[in-house]
Amino acid sequence: MSIPTRRVPSHRAETYKPGTTIGEWRPEDDDFWQSTGRRVAQRNLWVSIPALMLGFVVWQVWSVTVVKLNDVGFAFSKSQLFWLTAIPGITGGTFRILYTFIGPIFGERKFTAFSTLILIVPMLWLGFALQDTGSPYWELVLIAAVCGIGGANFASSMANIGFFPKREKGSANGLNGGLGNLGVSVVQLVAPLVVTAAVLGAPAGGPQHDAKENTDIWLQNGAFLWVPLLAVMALLAWFLMNDLKVAAAPFSQQKITFKRKHNWLMTWLYVGTFGSFIGFAAGLPLLIKNNFEVQGYQATTYAWLGPFVGALMRWAGGWLSDKMGGARVTMLSFVGMAASLVVVIFALPHSGDQGNFWAFFLGFLVAFAFSGLGNGSTFRQIPVIFRDQHMRAAEGQGPEAQTAALKQSEMEAGAVTGFSSAIAAYGFFFIPAMFAAIAVTHALWMFIGFYATCLVVCWWFYARKGAEAPS
């Protein structure tokens, strides 16, 4: 179905400069896209990605921080450490819901700058608290909760995908989400390195003594390091991005998505993909420490590789979905995750057996890979589902009705994308919380059962012949 096209006059090019509010945007118009749209869309995307990456850094900083807390003089139980890891998932998911609906109201540029700048607060607070082993547990819980706000930035960042035409949304989603998700592996890789020396100098404070390694470390560096980077990215977002006026919509219009069946179905699927990715990323360092450290395997050496693989595969999921359809790729991801977790279960120590670390670790790497694949494919499905449904409803009603339907589908798809990502973010909380509350193997079997329900939902509504909303 063709979309009405109209060339944008060259004398209006100044309305698309960095820092401006764009009032007219037609990415499906090939002339406009080639002359103006692609350049503007890519500029906004490539500023948004590192800002989002830093949001994930702040969100996941506790997953690697907890590994060293007791070694420098804190005295927390395994359960308490898992809870510190899990708590950012509660605030991250909750604020994602808020960011989903208020981000488009304020505009991508202003909200990206603001949401990046405020993350300086929890990083400073965490850095100072870590220097005092007498810091009470309740204070660390509060800091963990505030760090969770970093995870909310994902919901608002997805509004930038509205700059792209349908044919490129999958790849744009994959790049934004995949490279943004790299923040998880970046913090798990970089933080353990910068804490080993006074790389930030005297202003960052003195060292703590790591009794286990019998050496000095600067645990606060893992928090302070990100403060100047957050400030720089907030400024870059303010001066280089654009607010897309046509994507703005008040909550009174966005709330229609709560009545859309496919909002809830795609949220279910995204909980299975992204919820697994972020939950496993949060829990893996402590799983390695608690089950295999006595055998000489260090969490800080291996844990970052899992989210790294998952983040890279997110882009592959979006790209592959553009080629063969998102629903097929999503089904593949659930089959792969289930099979991988079976390997993990049998590789864990049990009944006096020490387990098999390499089978455990490789099983998790494959699970991360398939979760990343599903992250990209589910986000490709959402805009396709809503666009196709609205355009079918407007078929035969003339160009104006088609244009209105396209705009409505963009607004609803953006809201659903943000809402589903918000609910899925609770996986950050529930997975480590389940590891803290019940046997790890029991929790993993429960995840496999959940993947089976996701597989049925995806096949019935989106993948089978005659499906209601093929995507």
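Heavy atoms only: backbone and side chains are in, while hydrogens, waters and symmetry mates are out. From a predicted model like this one, the values you see are computed outputs, not experimental measurements.
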Salt-bridge contact Glu168-Arg380 (side-chain N to carboxylate O under 4.0 Å)
no
With a 4.5 Å cut-off on side-chain heavy atoms, are Thr273 and Phe334 touching?
yes
Find out whether the Lys NZ or Arg CZ of Arg43 is both under 6.0 angstrom from the six-membered ring centre of Trp46 and within 45° of the ring's axis.
no
Can you confirm if the aromatic rings of Phe419 and Tyr270 lie within a centre distance of less than 6.0 Å?
no
Side chain of Ser48, backbone of Asn44: donor and acceptor closer than 3.5 Å?
no
Candidates Leu117, Thr116, Ile118 - the one meeting side-chain contact (heavy atoms from CB on, under 4.5 Å) with Ile120
Leu117
Against Tyr462, only a single residue in Glu468, Arg328, His262 fulfils side chain to side chain donor-acceptor pair (under 3.5 Å); can you say which?
His262
Treating Ser135 as the side-chain partner and Ala129 as the backbone partner, does any N or O pair qualify as donor plus acceptor under 3.5 Å?
yes
Donor-acceptor contact present, side-chain Arg314 to main-chain Gly372, <3.5 Å:
no
I'd like to know whether Lys259 forms a salt bridge (Lys or Arg N to Asp or Glu O under 4.0 Å) with Glu412, so could you lay out the CA-CA distance, the side-chain angles of the two residues, the decisive distance to 0.1 Å, and finally the verdict.
CA-CA 11 Å; Lys259 299 180 180 180; Glu412 291 189 19; over 6 Å; no
Backbone of Ala311 reached by a side-chain donor or acceptor of Trp315 within 3.5 Å:
no
Taking side chain as C-beta onward, heavy atoms only, is Thr196 less than 4.5 Å from Asp216?
no
